[in-house]
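Take a look at the structure below.
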Protein chains: 2
Amino acid sequence: MKKKPARRSSCPINAALESFGDRWSLLIIRDLMFRGRRTYKEFLESDEGIATNILASRLKSLKANGIITTRPDPEDGRRRIYALTKKGLDLAPILVSLVVWASRYERTSMPSALLRRLQDDPNFLANAAERQPN
Amino acid sequence: MKKKPARRSSCPINAALESFGDRWSLLIIRDLMFRGRRTYKEFLESDEGIATNILASRLKSLKANGIITTRPDPEDGRRRIYALTKKGLDLAPILVSLVVWASRYERTSMPSALLRRLQDDPNFLANAAERQPN
DNA sequence: CAGGATCCGTTTCGATACTG
DNA sequence: CAGTATCGAAACGGATCCTG
């Protein structure tokens, strides 16, 4: 009785859902990409209140999927620093699409000027996200 | 002991995740948007093999979130026809972003010529998706 | 103290049988 | 055909415990 592979579909959307198709992974990516958060503790402090075990499992999964990397903090050995890989940074257009859609249809607090920049200026994100290693 | 509403964050990504942030909703939207599927039965026939109860619950949720509509089939009273609303159709850029990302990093079967059209031709989708009511 | 593992009650998922 | 009921499996969420 194997795990039933069934999920193997060639649809690219499926491939993406396998990597971050749950409610927490995308929020972690957002924290890394837009909010400059980089450590376990900082992720825990996000408004949404992720549980410690869930956070650990998502970080592991994101790493296994090549979306983030991790390395020890040179200034504080017990701390680890998480960062987006190139593959992870390339998720930016998806995040932007999400934000643009949500801002059109849901009540959110994002100012429309910022939204326009996100849509119109392809370099805005690249500049906003400080350069990640790898 | 209330349910702890906690989830109320003003982050637009959260708003989007509330509407379709699970592994099935996006696939249903894909079926409606790109594959011309419109009935319960047709959704069930997708490769991924959604269970009937999950499909029903996701359709209900998508409707509650204003992403799809439903009406009886005029030609067959017991059948119902699902369609994307404007709000649902506006999710297209997100789907496209997902496809573009996945095709770059995951093995998928989507031909690159099609990908280029998806990226470069904003009207490609509008034409491909037959016009939905509402 | 930071990162993360373990335990455990609760919620959600998913496969199948069943109903209108 | 289009769902609902049932019930076991998996995931979640929170508290707590372990490790460096």
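Protein chains get the first letters and strands the later ones, always in sequence-line order, with residue 1 at the start of each.
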**OP:** Take atom NZ of B:Lys60 and atom C1' of C:dC13, then tell me their distance rounded to the nearest Å.
**Re:** 15 Å
Subject >> Distance in angstrom units between A:Ile50 CD1 and D:dA11 C1', rounded >> reply: 13 Å
Original post:
C:dC13 phosphate, OP1 or OP2: any side-chain N/O from B:Trp24 under 4.0 angstrom?
Top reply: no
Original post:
What nucleic acid atoms does A:Arg78 come within less than 4.0 Å of, heavy atoms only: base, sugar-phosphate, or nothing?
Top reply: base
Subject >> Phosphate-side-chain proximity, B:Tyr40 and D:dT4, N/O vs OP1/OP2 below 4.0 Å >> reply: no
Subject >> B:Tyr82 OH - D:dC1 P separation (whole Å) >> reply: 14 Å
Original post:
A:Leu17 has an atom CG; how far is it from atom P of D:dA11, in whole Å?
Top reply: 15 Å
Original post:
Once you round it to whole Å, what is the distance between C1' of D:dG14 and CG of A:Leu55?
Top reply: 14 Å
Original post:
Between A:Leu44 (CG) and C:dA2 (P), how many Å, whole number?
Top reply: 10 Å
Original post:
So do the side chains of A:Ile94 and A:Phe20 get within less than 4.5 Å of each other, counting heavy atoms only?
Top reply: yes
Subject >> From D:dA2, C:dC13, C:dG4, nucleotide with atom closest to B:Lys41 side chain >> reply: D:dA2
Original post:
For the atom pair CD1 (B:Ile54) and CH2 (B:Trp24), what is the distance rounded to the nearest 0.5 Å?
Top reply: 8.5 Å
Original post:
To the nearest angstrom, how far is A:Ile54 atom CD1 from C:dT12 atom C1'?
Top reply: 13 Å
**OP:** Give A:Ser57 one of three labels, base, sugar-phosphate or nothing, depending on what nucleic acid heavy atoms sit under 4.0 Å from its own.
**Re:** nothing
Subject >> Distance-only donor-acceptor test (3.5 Å): side chain B:Thr39, base D:dA2 >> reply: no
Subject >> C:dC1 phosphate, OP1 or OP2, under 4.0 Å from A:Arg79 side-chain N/O >> reply: no
Original post:
Could a donor-acceptor pair under 3.5 angstrom be found where the side chain of A:Asn53 meets the base of D:dG14?
Top reply: yes
Original post:
What distance do A:Ser25 atom OG and A:Ile67 atom CD1 have between them, rounded to the nearest 0.5 Å?
Top reply: 7.5 Å
**OP:** Check whether any side-chain nitrogen or oxygen of B:Arg58 sits under 4.0 Å from OP1 or OP2 of C:dC13, and answer yes or no.
**Re:** yes
Subject >> Whole angstrom value for the distance that separates C1' of D:dA11 from CG of A:Asp22 >> reply: 10 Å
Original post:
Counting side-chain heavy atoms from C-beta on, which of C:dG14, C:dA17, D:dA2 comes nearest to B:Arg80?
Top reply: D:dA2
Subject >> Taking every non-hydrogen atom, the tightest pair across B:Leu17 and A:Arg23 >> reply: CD1-O, 3.6 Å
**OP:** Test B:Thr70 against every option in B:Arg38, B:Arg80, B:Lys63 by the side chain to side chain donor-acceptor pair (under 3.5 Å) rule and name the one that passes.
**Re:** B:Arg80
